[in-house]
Amino acid sequence: MAAAKTLAYPIRSLREQVTALEAAITLCLAEPRTKPVHRLRTTTRRIEGQLAMLEVLPQVPKHRKQAGKARRLLKKLRRAAGDVRDIDVQMDLITETAHQGASEKVKGDADRLVEKLQKNRGEHAETLLKVLRKRQSEVTLALEDLLEALEPIESMYLTAMEVSELAESWYRKHVPAATKKNRDDPEYLHTIRKVAKLARYIAENAPLNAKTPRRLAEEFEGLQESGGQWHDWLVLEEIARETVEKTSALTKVFSRRSRSSLATYRRHLGKLGEKGLGRGAA
């Protein structure tokens with residue numbers, strides 16, 4: 001019994017995430033508020049993380065067809081939810097900026113920006129609802145087929161060390177290599193964040209009391225969060241340039257936040273190493 005508490009059961013975890021996704025869809029269909037939308041987006045990513053891990057396990061039965069269909073449908077849900085979630089984050093950041101001793105001009109521009117984003121959120125929320133209504137039954141069937149294909153390994157387990165090794169090796173394999181040309185490319189930096197996110201979800205398969213993979217998951221999460229903060233400010237700066245004047249005080253505030261967050265993200269990348277975590281970090 002004690003040993004079971006330190007083992008990870010990937011298929012059981014996948015079933016739990018599928019159940020969580022069904023609940024998130026139901027909540028969003030009732031009303032696509034901030035928390036349900038965030039939960040929907042995150043759960044699709046967690047399922048993708050499970051599928052990424054299962055791809056590299058040798059004892060897993062054939063499930064490529066089922067996994068491919070599930071991924072395609074999850075991607076549709078994630079993108080639709082992501083459009084809404086991004087706006088929720090952006091409005092929070094604008095509100096935060098406007099309440100930090102900003103001038104009346106900055107507050108006025110912030111109000112204009114929030115008004116535009118609120119309208120956009122309503123449109124994207126309607127799109128999300130349409131996608132959910134259209135795809136809900138397809139998603140349910142696709143995930144049921146996937147779980148049925150994986151049923152023979154329902155009791156398969158991994159040790160904490162195996163989970164750590166899988167998460168780290170997956171990250172090393174998928175993180176893009178840094179070059180002189182791409183080091184400052186926002187798409188390259190954003191990709192590292194997305195890879196770290198899935199690696200984190202793989203590491204989080206381990207039980208809470210498994211210190212090594214949980215510490216690794218925290219490292220990936222920290223990288224994901226610092227990269228996410230930079231990307232949020234960068235996108236907000238671009239939106240402000242299009243909505244208010246390029247030289248407006250609000251745009252300049254977002255630009256400073258973007259540069260500051262990028263510096264923090266780079267320090268994090270430097271600490272962990274852009275090509276993967278060291279064994280010491282695990």
**Prompt:** Is R215 paired with E219 through a side-chain N to carboxylate O contact shorter than 4.0 Å?
**Reply:**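 Salt bridge flag = no for R215 with E219.
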Interatomic distance, [X] atom [atom1] to [Y] atom [atom2] [nearest 0.5 angstrom]:
X    : Y    : atom1 : atom2 : result
L198 : R193 : CG    : CZ    : 11.0 Å
Q118 : E123 : CD    : CD    : 12.5 Å
L234 : L262 : CG    : CG    : 8.5 Å
L250 : S255 : CG    : OG    : 11.0 Å
L21  : T43  : CG    : OG1   : 6.0 Å

Hydrophobic cluster membership, with links at side-chain heavy-atom distances under 4.5 Å among I/L/V/M/F/W/Y: are [X] and [Y] in one?
X    : Y    : answer
I239 : I87  : yes
V37  : L27  : no
L141 : V139 : no
L29  : L143 : yes
V175 : Y201 : yes

**Request:** May I ask you to test the Y171-V195 pair for a side-chain heavy-atom distance under 4.5 Å?
**Result:**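 Side chain of Y171 against side chain of V195, heavy atoms only: contact under 4.5 Å found.
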**Message:** Using side-chain heavy atoms (C-beta onward) and a distance below 4.5 Å, is T127 in contact with K130?
**Reply:**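 T127 vs K130: side chains apart.
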**Request:** Applying salt bridge (charged side-chain N to carboxylate O under 4.0 Å, His left out), run through R121 and D86 and close with a yes or a no.
**Result:** CA-CA 9 Å; R121 190 195 190 280; D86 287 345; over 6 Å; no
**Message:** Apply side chain to side chain donor-acceptor pair (under 3.5 Å) to residues E187 and N182 and explain how you reach the verdict.
**Reply:** CA-CA 8 Å; E187 187 60 34; N182 72 7; over 6 Å; no
**Prompt:** Which atom pair, heavy atoms only, marks the closest approach of S226 to H268?
**Reply:**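 In this case the closest contact between S226 and H268 is OG-ND1, 3.2 Å.
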**Request:** Identify the heavy atoms of R112 and T243 that sit nearest to each other, and give their distance.
**Result:**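 For R112 and T243, the tightest heavy-atom pair comes out as NH2-O, 3.0 Å.
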**Request:** For atom CD of E148, decide whether the heavy atoms of other residues, nucleotides or ligands shown that lie under 6.0 angstrom number more than 12.
**Result:**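 Result for CD/E148: open.
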**Request:** State whether the number of non-hydrogen atoms from other residues, nucleotides or ligands found under 6.0 Å of K105 atom NZ is greater than 12.
**Result:**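 Enclosed: over 12 neighbouring heavy atoms sit under 6.0 Å from NZ of K105.
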